[in-house]
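First the structure, in the form of structure tokens, and then the observations on it.
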Amino acid sequence: MSAINPLTAIAVVLATAATDAVYVMFTSAVVARKRVPAATWSSVWYLLSSFAVISYTENWVYVAFAAIGSWIGAYASMTFLHRPPGGGTPLGASPE
């Protein structure tokens, strides 16, 4: 097993965080039945996830960094989508 490269580990965390954030945006667009945004988010999602997969398949330890980035991305995007009561609807939500 080779040594962990700190820059690769950080890149994997950032890539998976971005991947999860984009996945949440994709899901939001699907729920809102917005085809073009859903398709766009889907393509970005696959581009980002391919970097993480290519990076951590060389060393299984990077999977832990991917999990950390995944958690950060989902948490941050859910925070971004959350609106306080009376502050409007969440981004991507369908109008009522």
Side-chain angles (χ1 to χ4, degrees):
M1 181 164 85
S2 61
I4 295 173
N5 181 334
L7 291 177
T8 301
I10 290 169
V12 169
V13 169
L14 293 176
T16 53
T19 300
D20 268 67
V22 167
Y23 176 71
V24 171
M25 298 304 289
F26 162 76
T27 303
S28 179
V30 168
V31 169
R33 297 184 183 268
K34 296 182 178 184
R35 291 180 289 181
V36 172
T40 303
W41 286 120
S42 178
S43 64
V44 173
W45 174 25
Y46 277 96
L47 287 172
L48 289 170
S49 64
S50 65
F51 169 78
V53 169
I54 291 167
S55 295
Y56 68 68
T57 53
E58 294 177 10
N59 186 340
W60 65 269
V61 175
Y62 290 117
V63 173
F65 294 103
I68 292 166
S70 176
W71 191 93
I72 292 168
Y75 183 86
S77 58
M78 290 302 296
T79 300
F80 173 71
L81 288 174
H82 177 69
R83 301 280 186 182
T89 58
L91 292 176
S94 60
E96 296 186 29

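Here the structure is a predicted model, which is why all the values come from computation and not from measurement. When reading the values below, keep in mind they use all heavy atoms of this one structure, side chains included, and skip hydrogens, waters and symmetry mates.
- Checked against side chain to side chain contact (heavy atoms under 4.5 Å, CB included), Ala18 has the following partners two or more places apart in sequence or in another chain: Leu48.
- Counting non-hydrogen atoms of other residues, nucleotides and ligands closer than 6.0 Å to CZ of Phe26 gives a total above 12.
- In this structure, Thr19 and Trp45 approach most closely via the heavy-atom pair CG2-CD1, 3.3 Å.
- Grouping the Ile, Leu, Val, Met, Phe, Trp and Tyr side chains by contacts below 4.5 angstrom, directly or via other members, places Val12 with Ile4.
- In terms of the ring-ring contact (aromatic ring centres under 6.0 Å, His included) criterion, Trp41 has no residue partners (sequence neighbours excluded).
- Linking ILVMFWY residues whenever their side-chain heavy atoms come closer than 4.5 Å, directly or via other members, leaves Leu14 and Val22 in distinct clusters.
- Think of Leu7 as one node in a network of Ile, Leu, Val, Met, Phe, Trp and Tyr side chains linked at under 4.5 Å; it has no links at all.
- For the atom pair CD1 of Ile10 and CD1 of Ile68, the computed distance is 11.5 Å after rounding to the nearest 0.5 Å.
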